[in-house]
Colleague: 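My structure is below; once you've seen it, I'll send some questions.
Both counts, for ligands and for their atoms, begin at 1 and track the order of listing.
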Amino acid sequence: MARLRKYWTLLRIKIALSYFFPMALGFAVAADANPSIAWWKVPVGFGAFFCAWFFASTLNFYADVEADREFAGKFKDMDLSKQPFVTGEMGKLETWLAFGLSAAGCVGLSLALGYRFAIFNIGFMLVIGVLYSHPWFRLKARPVTDILCNVTGMGFSLLAGLSLGGSGLPPVAFLVWGGLFIAVMYIPTVVNDVPFDGAAGLKTSGVCFGASRLLYFMAPLALAMIPVGILVVLNASAAWEYRWIAALGTPLTIAGTAVIFYLWHPPHIDLNPDVVLYPMDLAIVALIVYGAVRLA
Ligand code: DMA
Ligand code: MG
Ligand code: MG
């Protein structure tokens with residue numbers, strides 16, 4: 001059991017679930033639109049997602065050893081200085097097996113669901129894994145692209161979930177709203193990392209623009225969610241899930257932004273991320289149960 005622990009650490013479940021949220025939403029919408037989805041596609045699709053995520057998360061740890069070794073922050077999902085590539089628990093063979101099996105699992109399970117799911121789920125693995133972390137691209141260490149990677153990856157997660165039920169696409173206004181939402185959610189995490197990323201020489205958005213300036217940029221982004229959110233809510237032909245998420249998510253994001261500004265005691269935001277993550281996990285359970293009931 002002790003030998004398996006490190007793989008659990010690599011899975012980084014708390015963050016995994018935040019990237020899984022859009023897929024759960026996509027699945028719920030897909031199940032509404034097409035209640036005749038073959039049930040086996042759901043566990044296979046979710047399995048394909050977690051293979052993609054495991055690959056991405058493992059690559060992030062693998063590529064971040066230098067920065068994670070110096071890690072001393074506390075407002076984080078985990079103590080990065082204890083990650084398996086820093087502690088030396090990952091042997092060469094284990095490393096190759098972890099990458100090989102998760103990538104093969106992602107591609108194989110995705111293709112079993114069809115080309116459409118495969119494009120989005122493998123796209124997710126490439127954007128959130130390779131483009132974000134791999135030293136060739138390492139978009140996590142460049143201003144703006146760190147945020148855009150997350151917006152794109154979350155979009156792929158949603159589109160993969162949706163494609164479990166065919167070829168439906170979300171309204172453009174919801175995609176714009178979601179992009180703003182993800183940017184607002186991601187910015188505090190970059191801001192909290194500024195001291196460590198700066199010391200490690202990473203030029204993230206936070207390091208480049210300055211922690212405070214980037215943090216305050218959340219305000220115009222959150223406010224821009226109002227008109228776009230109204231467009232989504234008023235779109236009577238959009239799935240009810242999109243309309244409710246825009247209706248509830250817009251005021252929540254604005255209130256959350258105000259709370260974060262209030263808790264901004266440079267260089268840290270004194271907010272436990274669990275406050276956001278646990279309600280999101282409940283929403284995931286609700287969406288999956290809803291989708292499963294629609295299929296039953
Ligand atoms: C972790 O990214 C996120 C993914 C998508 C694997 P990061 O390296 O910027 O954050 P952390 O410093 O928490 O590892
Ligand atoms: Mg990292
Ligand atoms: Mg970081």
Side-chain angles (χ1 to χ4, degrees), residues 6-23 49-87 90 98-99 102-103 106 121-135 137-157 160 182-183 185-209 211 214-215 267-269 271-274 276-277 280:
K6 58 190 176 216
Y7 297 102
W8 177 249
T9 309
L10 290 175
L11 183 64
R12 217 173 171 181
I13 190 69
K14 271 196 189 181
I15 303 196
L17 289 172
S18 59
Y19 287 91
F20 181 63
F21 177 82
M23 176 167 284
F49 172 85
F50 280 100
C51 285
W53 166 260
F54 185 88
F55 179 91
S57 173
T58 302
L59 185 58
N60 183 266
F61 284 130
Y62 183 81
D64 282 358
V65 167
E66 295 306 319
D68 291 353
R69 189 177 285 138
E70 310 299 330
F71 179 79
K74 49 179 174 161
F75 303 102
K76 234 355 192 205
D77 57 308
M78 61 174 291
D79 181 348
L80 291 172
S81 63
K82 300 224 162 53
Q83 62 110 318
F85 290 105
V86 171
T87 58
M90 290 297 286
F99 284 125
S102 56
C106 165
N121 197 56
I122 297 171
F124 173 86
M125 178 170 75
L126 294 178
V127 172
I128 292 294
V130 181
L131 291 185
Y132 187 73
S133 299
H134 194 282
F137 310 95
R138 212 158 167 70
L139 297 187
K140 63 165 269 177
R142 285 182 216 206
V144 184
T145 59
D146 51 356
I147 299 173
L148 291 182
C149 254
N150 280 277
V151 170
T152 312
M154 290 283 193
F156 281 162
S157 168
I182 303 303
M185 298 285 281
Y186 182 69
I187 284 176
T189 73
V190 198
V191 165
N192 257 348
D193 283 354
V194 164
F196 317 108
D197 287 340
L202 308 183
K203 232 172 156 1
T204 64
S205 291
V207 173
C208 179
F209 303 123
L214 181 65
L215 193 76
H268 282 300
I269 304 159
L271 178 72
N272 188 334
D274 290 350
V276 178
L277 295 175
M280 189 181 282

Colleague: Does Asp193 bring an N, O or S atom to under 2.8 Å of the Mg ion (ligand 3)?
Modeller: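 Checking Asp193: at least one N, O or S atom is under 2.8 Å.
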
Colleague: Any N/O/S atom, side chain or main chain, of Asp68 closer to the Mg ion (ligand 2) than 2.8 Å?
Modeller: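 For Asp68, the answer is no, given that no N, O or S atom comes within less than 2.8 Å of the Mg ion (ligand 2).
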
Colleague: Ligand 1 and Asn150, any nitrogen or oxygen pair closer than 3.5 angstrom?
Modeller: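 No; the residue has no nitrogen or oxygen that sits under 3.5 Å from a nitrogen or oxygen of the ligand.
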
Colleague: In the protein, what heavy atom is nearest to atom 8 (O) of ligand 1, and what distance, to one decimal place, separates them?
Modeller: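 Result: Lys140 NZ, 2.5 Å.
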
Colleague: If I compare all heavy atoms of Ser81 with all of Arg69, which pair ends up nearest, and what's the gap?
Modeller: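 Residues Ser81 and Arg69, closest heavy atoms: CB-O, 3.9 Å.
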
Colleague: Main chain of Trp53, side chain of Arg12: is a donor-acceptor contact present, judged purely on distance under 3.5 Å?
Modeller: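 No; judged by distance alone, with no hydrogens or angles, the pair does not exist.
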
Colleague: For ligand 1 and Asn60, I'd like to know whether there is a polar contact (N/O to N/O, distance under 3.5 Å).
Modeller: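 There is such a contact, yes.
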
Colleague: Does Asn60 bring an N, O or S atom to under 2.8 Å of the Mg ion (ligand 2)?
Modeller: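 Of the N, O and S atoms in Asn60, at least one lies under 2.8 Å from the Mg ion (ligand 2), which means yes.
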
Colleague: For ligand 1, find out whether one of its N or O atoms is nearer than 3.5 Å to an N or O atom of Asp68.
Modeller: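 It does not: no N or O of Asp68 is found under 3.5 Å from an N or O of ligand 1.
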
Colleague: Does at least one non-hydrogen atom of Tyr19 fall below 4.0 angstrom from an atom of ligand 1?
Modeller: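 Yes, Tyr19 has a heavy atom closer than 4.0 Å to ligand 1.
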
Colleague: Might you point out which heavy atoms bring Phe55 and Val130 nearest each other, and give the distance in Å?
Modeller: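 For Phe55 versus Val130, the nearest heavy atoms are CE2-CG2, 4.0 Å.
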
Colleague: What part of Phe61, side chain, backbone, both or neither, has a heavy atom within less than 4.0 angstrom of ligand 1?
Modeller: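 Looking at Phe61 and ligand 1, no heavy atom falls under 4.0 Å.
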
Colleague: Any heavy atom of Ile15 sitting closer than 4.0 Å to ligand 1?
Modeller: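 Contact absent.
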
Colleague: Please evaluate residues Leu277 and Ser18 with respect to the criterion side chain to side chain contact (heavy atoms under 4.5 Å, CB included), reporting the C-alpha separation (whole Å), side-chain torsions for both, the decisive distance (0.1 Å), and the verdict.
Modeller: CA-CA 7 Å; Leu277 295 175; Ser18 59; 4.2 Å; yes

Colleague: For ligand 1 and Asp64, I'd like to know whether there is a polar contact (N/O to N/O, distance under 3.5 Å).
Modeller: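 There is such a contact, yes.
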
Colleague: For atom 3 (C) of ligand 1, what's the nearest protein heavy atom and its distance?
Modeller: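 Looking only at protein heavy atoms, the one closest to atom 3 (C) of ligand 1 is Tyr132 CE2, 3.9 Å.
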
Colleague: Purely on distance, is any nitrogen or oxygen of Trp53 under 3.5 Å from one on ligand 1?
Modeller: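 No, Trp53 has no N/O under 3.5 Å of an N/O on ligand 1.
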
Colleague: I need the contact type for Asp193 against ligand 1. Using non-hydrogen atoms and a strict under-4.0 Å cut-off, is it side chain, backbone, both or neither?
Modeller: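 Side chain only.
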
Colleague: Which N, O or S atom name in Asp64 marks its closest approach to the Mg ion (ligand 2)?
Modeller: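 Atom name returned: OD2.
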
